[in-house]
Amino acid sequence: MPTDPVGRFLTALDPEHRDAVSGRPRAEQEQLAAAWERELEADSELDSLDELSPPAAEAEAARRVLEREKG
């Protein structure tokens, strides 16, 4: 399991989005990973989900970050 934020973020994404984000510049990947980490820290609903399934909470946070990015 990756330990750096970008690697963890990419792991949390579904395969289709992982491929798309992997092709972006590293700086952009780092910005998305930072937003993902903030989402995980800030949302109390994700805290509850994290207690049941950390991978599910990470995937949900990743989905939210990409949704916000779309507009």
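Only heavy atoms go into these numbers, but all of them, side chains included; no hydrogens, no water, no symmetry mates.
- Rounding to the nearest 0.5 Å gives a distance of 10.0 Å between CZ of Arg63 and CZ of Arg68.
- The closest donor-acceptor contact from the side chain of Gln29 to the backbone of Arg24 lies under 3.5 Å.
- For Trp36 (side chain) and Glu58 (main-chain N/O), a donor-acceptor pair under 3.5 Å exists by modelled atom type.
- Closest approach of Leu40 and Ala61 over heavy atoms only: CD2-CB, 3.6 Å.
- The distance from atom CZ of Arg64 to atom CG of Leu66, rounded to the nearest 0.5 Å, is 12.5 Å.
- Within the structure, no pair that satisfies the ring pair (Phe, Tyr, Trp, His ring centres under 6.0 Å) test touches residues 52-71, not counting sequence neighbours.
- Taking both residues in full, the closest heavy atoms of Leu46 and Glu60 are given as CD2-CG, 3.7 Å, listed atom of the first, atom of the second, then distance.
- Considering Val65, Asp19, Val21 as possible partners of Leu13, the one that fulfils the side chain to side chain contact (heavy atoms under 4.5 Å, CB included) test is Val21.
- A salt bridge links Lys70 with Glu67: the distance from a Lys NZ or Arg NE/NH1/NH2 to an Asp or Glu carboxylate oxygen falls below 4.0 Å.
- Between Glu28 and Glu69, the closest side-chain pair of non-hydrogen atoms falls below 4.5 Å.
- Atoms CZ and CD, from Phe9 and Gln31 in turn, are 11.5 Å apart once rounded to the nearest 0.5 Å.
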